[in-house]
Amino acid sequence: SVVTAHGADKLGVLMSASASTEEYFLAQRLARGLDSPNIDHRLREQDFSDDAARAQPNAFQSAMSAIDDAGAILLVGSNIRHEAPILGQRVRKAWRRGAQVAALNPVDWDCHFFKTHNIINAPQHLVAELAAIAGALASLTGKAMPEALQAVCENTQPGELHHQIAGTLNSSDGSMLILGQSAMAHGQAGWLRQLAAWVCEASGSALNTIPFGANTTGAALAGALPGHGCGGVDVEQGLNARSMLEASLQGYLLWDVEPGYDIANPALAKRALAAAQEVVAVTSFAGEDLKSCADVILPLAPLAESEGMYYALDGQAFTASQAVRPAGQSRPGWKILRRLGADLELDGFSQVDITTVREEMLAAMAPAAYTINEAELAAPSNAGGLYRVGEVPMYSVDALCRRSVHLQQTAHADNDFVGLNPGDADSMGLEGGRDARVSQGDTSTVLPVRICPELPAGAAWVKCAVNVSSELGDSYGPISVEAS
């Protein structure tokens, strides 16, 4: 009804970054069969300014096992121990073998390895810090930096620590830069990604990214991205996840998404969904925020009750088999999409089993031709005031973890607070344990203050994907904190 009344460009498909590759394949076929180019799975990101330069599907340039033998590792915006524990263990293994590990982070996170060099600064200064490392590397190697990146590097002056990190990356065998989830969710993530890419190119390091979700490589290969079809085929350019919400479309298909927990800006998401004419949600768990905005909810079988193909960060494929029959009226995602496509009388939805879907999908992926263009980045900004650090707690990554009683009783589920640097708290007259009002835009909440020495000045630690922040704005963005 939305397509008929308002046009296909008013329909958007927002998908979990942990769906199966077959689900991505059929979802993009459904959307584009309806002539809608709007489909995306990067729900926790907010900056897509460098999309033209990041078309490659694999998040890792090296094999994941190559971490074990790395001579030097630079972590940028990554709490790797919690974001990807197995990769964190590999970093620890490399460190025990003699690797030098450096970090550029918005929080001095607790790691199970020692850092040779450690730069901790508020999120609004991370671009300048990485630019300083790039500038130091340019001086060391004599390599010219791309003109597009010079604007941010001209205003930075590398210090001793930046030169040491640049020298370590440049002189070590098997060096790599790991760009973590805090970098990917950053308001200027495009600058961080492109600076990281040049640092790796200039130093001969591998660029490895830790995105949000369990199957982002599968999503990219299958075409669940605006402007990229299955196998990297160029298709009509659509809206990214952020733009879909900012455009206030008339219809949304939500795939295994909880608006208050799985999207970078819950406040923006809830406003857009509330204003839409039709919202269809396919989900394994229907919380109150989903019930309040969805007109139709279809029950989705969760991972253990479904089957599908998934891809690791370095492109290795593996399949998951159904462990038990789906409960109640829930169905595997590929069956739901096949039925929707057939009922809408679209081409390409006549499959009778997942094997047929997979064969069609792999055949369509075969070309795998991805065009890399130059990024057009907006002028960098260096905002003052407080900037939110809204990392996703390790036991809040999806609806299943968030509903696990035992996981939510662990120390890692202690997330109901606003963390402040001791100096910032003192200047604002705030004490640990006292309540403070935390505001972003026209939304606010009251949280107890926690004094956190691991936080730099200018940062406010309010985690996302938890109940207390499910009405707030950007996970990484300006924020105000004042006495309640």
Side-chain angles (χ1 to χ4, degrees), residues 13-42 55-60 63-64 211 213-236 238 253 255-256 282 284 298-326 330-371:
V13 180
L14 297 170
M15 300 193 72
S16 161
S18 298
S20 73
T21 313
E22 291 87 352
E23 289 168 354
Y24 291 129
F25 174 66
L26 291 177
Q28 63 87 29
R29 178 176 281 183
L30 178 72
R32 292 175 175 127
L34 293 169
D35 292 328
S36 173
N38 307 321
I39 181 169
D40 207 347
H41 66 281
R42 302 165 297 173
Q56 289 294 340
N58 292 355
F60 267 46
M64 291 188 292
N215 195 26
T216 56
T217 298
L221 287 169
L225 284 169
H228 296 280
C230 188
V233 175
D234 288 338
V235 293
E236 181 183 353
L253 171 60
W255 192 269
D256 206 18
V282 182
S284 301
L298 301 177
L300 173 68
L303 177 61
E305 301 170 13
S306 189
E307 55 190 337
M309 176 174 282
Y310 297 81
Y311 286 83
L313 297 175
D314 57 3
Q316 299 179 67
F318 61 95
T319 57
S321 301
Q322 187 181 65
V324 294
R325 292 178 59 84
S330 64
R331 295 291 184 272
W334 74 270
K335 288 187 176 182
I336 295 173
L337 287 162
R338 188 206 62 79
R339 180 61 182 270
L340 288 174
D343 287 352
L344 290 168
E345 299 181 351
L346 301 177
D347 292 336
F349 291 91
S350 60
Q351 304 89 349
V352 295
D353 55 40
I354 195 170
T355 301
T356 308
V357 176
R358 190 171 298 154
E359 289 173 351
E360 291 182 17
M361 176 186 74
L362 294 175
M365 285 181 185
Y370 294 88
T371 303

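More than 12 heavy atoms of other residues, nucleotides or ligands sit less than 6.0 Å from atom CG of D343.
Two residues are said to be in side-chain contact when any heavy atoms from C-beta on lie closer than 4.5 Å; L313 and N58 fail this criterion.
For the pair D314 (side chain) and M64 (backbone), a donor-acceptor distance under 3.5 Å is present. Judged purely by atom type and a 3.5 angstrom limit, E307 has no side-chain atom pairing as donor or acceptor with the backbone of A320. At least one donor-acceptor pair closer than 3.5 Å links the side chain of H41 to the backbone N or O of A224. When atom types are taken as modelled, the side chain of S284 and the backbone of L300 share a donor-acceptor pair closer than 3.5 angstrom.
In this structure, NE2 on H228 lies 10.5 Å from CG on D40, to the nearest 0.5 angstrom. In this structure, OG on S20 lies 10.5 Å from CG on D256, to the nearest 0.5 angstrom. In this structure, the separation between CD1 on I354 and CE on M309 is 9.0 Å, given to the nearest 0.5 Å. Expressed to the nearest 0.5 Å, how far CZ of R331 lies from CZ of R339 amounts to 10.0 Å. Note: T216 OG1 to Y24 OH = 7.5 Å, rounded to the nearest 0.5 Å. Atom-to-atom distance recorded for L253:CG and N38:CG is 12.0 Å, nearest 0.5 angstrom.
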Could you walk me through whether V235 and R32 satisfy the side chain to side chain contact (heavy atoms under 4.5 Å, CB included) test, starting with their C-alpha distance in whole Å, then the side-chain angles of each, then the deciding distance to 0.1 Å, before giving a yes or no?
CA-CA 9 Å; V235 293; R32 292 175 175 127; 3.7 Å; yes
*asked:* Set out, in order, the CA-CA distance, both residues' side-chain angles and the distance that settles side chain to side chain contact (heavy atoms under 4.5 Å, CB included) for L344 and L30, then state yes or no.
replied: CA-CA 9 Å; L344 290 168; L30 178 72; 3.8 Å; yes
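Sorted by first and then second residue, the pairs that involve residues 355-366 and meet salt bridge (charged side-chain N to carboxylate O under 4.0 Å, His left out), not counting sequence neighbours, are E22-R358, R29-E360.
A pairwise comparison of heavy atoms in P332 and P326 identifies CD-CG, 4.2 Å as the closest pair. V357 and W334 get closest at one heavy-atom pair: CG2-CE3, 3.9 Å. For the pair L26 and R338, the tightest heavy-atom approach, listed with the atom from each and the gap, is CD1-N, 4.3 Å. Minimum interatomic distance between E305 and A301 (heavy atoms only, all atoms of both residues): O-CB, 3.8 Å. Across every non-hydrogen atom of A364 and F25, the tightest pair is CB-CE1, 4.1 Å. Minimum interatomic distance between M15 and A27 (heavy atoms only, all atoms of both residues): SD-CB, 3.4 Å.
For the residue pair N215 and T21, a side-chain donor N or O sits within less than 3.5 Å of a side-chain acceptor on the partner.
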